[in-house]
*Asks:* 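First the structure, then my questions, so here it is.
This structure is a prediction, so every number in the text was calculated from the model and none was measured. When reading the values below, keep in mind they use all heavy atoms of this one structure, side chains included, and skip hydrogens, waters and symmetry mates.
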Amino acid sequence: MSAPVSIITDSTAYLPPAALLSEQITTVPLTVVVDGEAHEEGEGVTAASLAEALRKHRPVTTSRPSPEAFAAAYRAAADAGAEGIVSLHLSAEVSGTYDAAVLAAAGSPVPVRVVDSGMVAMALGFSALAAARTAREEGGLDAVVRAARQRAERTSALFYVDTLDYLRRGGRIGTAQALLGSALAVKPLLELTEGRIQPLEKVRTASRAIARLEELTVARAAALEAPVEVAVHHLAASERAEALADNLRERVGDLVNLHVSEVGAVIGAHTGPGLLGAVVTPAQ
């Protein structure tokens, strides 16, 4: 039976298919364009093929969903019996997805609350799950929005990239910052905070940076003083991801669940191969 409030997110949440099905969450895909050919995220461009295209410096860009795509999702939810919709998306600071959803919401047949999570990947996914669980408990629009925002506010998203160049190309960080990192040959640790990608620490080697990412993740989990869930993300770095996940399973206290996944083409296009990320959130 469907909840009175339907949850819609976008493809950058990278939720496991089983979670999307069990929680009845709908995703609207962003688009990745490789060599001038557009693909909806999850269709036609694998993580391996994306990593190869990036390494070979082939043109790769991304774009938001159209307002029409959101409008279609809102109509489908209404037709399925939803009395209201919470549309929860990646940070408006890094994508126009939120704006497209707002445009579509104006013409929805049922009330839509569009929420800028300020997050991305499973930091967004965990927020969507919190919203869905509240909706299933027959929470109204205000309660569902509040649950989503509270989860996002208590979630940490930390990540390592081999180079800042891909983020610079996509306009997600400043050119000066990227060039400084390259000139000093540092391996950057970054954090998504207040919706923006911000430098966290600069470390001299990849191995030290990954070790530091582990330390910071353990510290963020402990600071929550509650049972936690963790997601480890990567792009073309599965061995690194599994090693980090194994270490976190041993070191994080009150760990309820740990999820490992490769990011999709849209986020991967901006981070490049070698991405390693960790998301920490309180378990509900």
Side-chain angles (χ1 to χ4, degrees), residues 1-31 40-42 63-155 157 192 194-195 229 231 264 266 279 281-284:
M1 181 178 177
S2 298
V5 176
S6 181
I7 308 302
I8 292 176
T9 187
D10 58 71
S11 59
T12 69
Y14 302 135
L15 283 161
L20 292 172
L21 182 63
S22 64
E23 299 296 340
Q24 299 182 10
I25 298 172
T26 298
T27 60
V28 177
L30 277 74
T31 298
E40 289 187 347
E41 185 164 37
S63 63
R64 71 181 192 180
S66 67
E68 290 76 18
F70 280 116
Y74 299 158
R75 286 194 300 271
D79 290 345
E83 298 170 10
I85 297 167
V86 172
S87 195
L88 179 65
H89 303 293
L90 80 162
S91 171
E93 294 286 345
V94 299
S95 171
T97 300
Y98 170 84
D99 294 332
V102 169
L103 288 171
S108 172
V110 296
V112 178
R113 297 280 295 276
V114 183
V115 179
D116 174 7
S117 73
M119 290 290 174
V120 73
M122 276 298 292
L124 165 60
F126 284 129
S127 187
L129 289 173
R133 289 163 186 158
T134 302
R136 190 175 63 237
E137 294 165 1
E138 298 190 359
L141 281 171
D142 288 343
V144 173
V145 168
R146 185 164 55 250
R149 286 180 170 156
Q150 287 177 345
R151 177 59 63 90
E153 288 169 358
R154 299 190 69 200
T155 297
L192 194 62
E194 296 182 351
E229 294 183 80
V266 168
V279 175
T281 191
Q284 191 172 33

*Asks:* Throw together a table of side-chain donor-acceptor distances under 3.5 angstrom for residues 124-135, partners on residues two or more places apart or in other chains.
*Replies:*
residue	atom	partner	partner atom	Å
S127	OG	A148	O	2.6
T134	OG1	A130	O	3.0

*Asks:* Which heavy atom in S87 sits nearest to a heavy atom in Y74, and how many Å separate them?
*Replies:*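 Between these two residues, the closest heavy atoms are OG-OH, 2.8 Å.
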*Asks:* Could you report the tightest heavy-atom contact between L30 and S95, atom names first, then the distance?
*Replies:*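 Heavy atoms only, the tightest pair is CD2-OG, 4.1 Å.
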*Asks:* Who pairs with R136 by side chain to side chain donor-acceptor pair (under 3.5 Å), at least two apart in sequence or on another chain?
*Replies:*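 Partners of R136 under the side chain to side chain donor-acceptor pair (under 3.5 Å) test: E23.
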*Asks:* Please enumerate all residues that pass side chain to side chain donor-acceptor pair (under 3.5 Å) together with Y98, with sequence neighbours excluded.
*Replies:*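 Y98 satisfies side chain to side chain donor-acceptor pair (under 3.5 Å) with no residue once adjacent residues are dropped.
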*Asks:* Quick one: salt bridge (Lys or Arg N to Asp or Glu O under 4.0 Å) pairs with a partner in residues 7-16, sequence neighbours left out?
*Replies:*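 Checked against salt bridge (Lys or Arg N to Asp or Glu O under 4.0 Å) - neighbours excluded - no pair reaches residues 7-16.
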*Asks:* Residues two or more places apart in sequence or in another chain: which of them pass salt bridge (Lys or Arg N to Asp or Glu O under 4.0 Å) with R64?
*Replies:*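 Partners of R64 by the salt bridge (Lys or Arg N to Asp or Glu O under 4.0 Å) criterion come out as none, since no residue qualifies.
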*Asks:* How long is the span from the CZ atom in R149 to the CG atom in L88, to the nearest 0.5 Å?
*Replies:*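 Separation between the atoms: 9.5 Å.
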*Asks:* Does S66 have any side chain to side chain contact (heavy atoms under 4.5 Å, CB included) partners at least two apart in sequence or in another chain, and if so, which?
*Replies:*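 Scan of S66 (side chain to side chain contact (heavy atoms under 4.5 Å, CB included), adjacent residues dropped) gives E68, A69.
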*Asks:* Who passes ring-ring contact (aromatic ring centres under 6.0 Å, His included) against F70, sequence neighbours left out?
*Replies:*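 Residues passing ring-ring contact (aromatic ring centres under 6.0 Å, His included) with F70: H89.
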*Asks:* Tell me the closest heavy-atom pair linking V28 and P65, and the distance in Å.
*Replies:*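 What the structure gives for the nearest pair is CG1-CB, 3.7 Å.
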*Asks:* Which pairs pass salt bridge (Lys or Arg N to Asp or Glu O under 4.0 Å) with one or both residues in residues 96-109, sequence neighbours excluded?
*Replies:*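 Qualifying pairs: none.
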*Asks:* Which heavy-atom pair separates E93 from E194 by the least distance, and what is that distance?
*Replies:*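 Looks like CG-O, 4.1 Å.
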*Asks:* Exactly one of V266, T27, V279 should register a side-chain contact (heavy atoms from CB on, under 4.5 Å) with Y14. Which one does?
*Replies:*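 Running side-chain contact (heavy atoms from CB on, under 4.5 Å) over V266, T27, V279 with Y14 returns exactly one hit, V266.
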*Asks:* Just to verify, what does T155 make a side chain to side chain donor-acceptor pair (under 3.5 Å) with, not counting sequence neighbours?
*Replies:*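 Here the qualifying residues are T281.
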*Asks:* For M122 and A231, which heavy atoms make the closest approach, and how far apart are they?
*Replies:*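 What the structure gives for the nearest pair is CB-CB, 3.6 Å.
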*Asks:* With a 4.5 Å cut-off on side-chain heavy atoms, are I25 and L15 touching?
*Replies:*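 L15 vs I25: side chains touch.
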*Asks:* State whether the side chain of S6 and the backbone N or O of I85 hold a donor-acceptor pair below 3.5 Å, judged by distance alone.
*Replies:*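 Not at all, since once roles are kept as given, no pair shorter than 3.5 Å links the two residues.
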*Asks:* Throw together a table of side-chain donor-acceptor distances under 3.5 angstrom for residues 106-115, partners on residues two or more places apart or in other chains.
*Replies:*
residue	atom	partner	partner atom	Å
S108	OG	V110	N	3.2
S108	OG	V110	O	2.7
R113	NH1	D142	OD1	2.6

*Asks:* Taking all atoms of both residues into account, what is the closest heavy-atom pair of A152 and S117, and its distance?
*Replies:*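 Looking at all heavy atoms of both residues, the shortest contact is CB-O, 3.6 Å.
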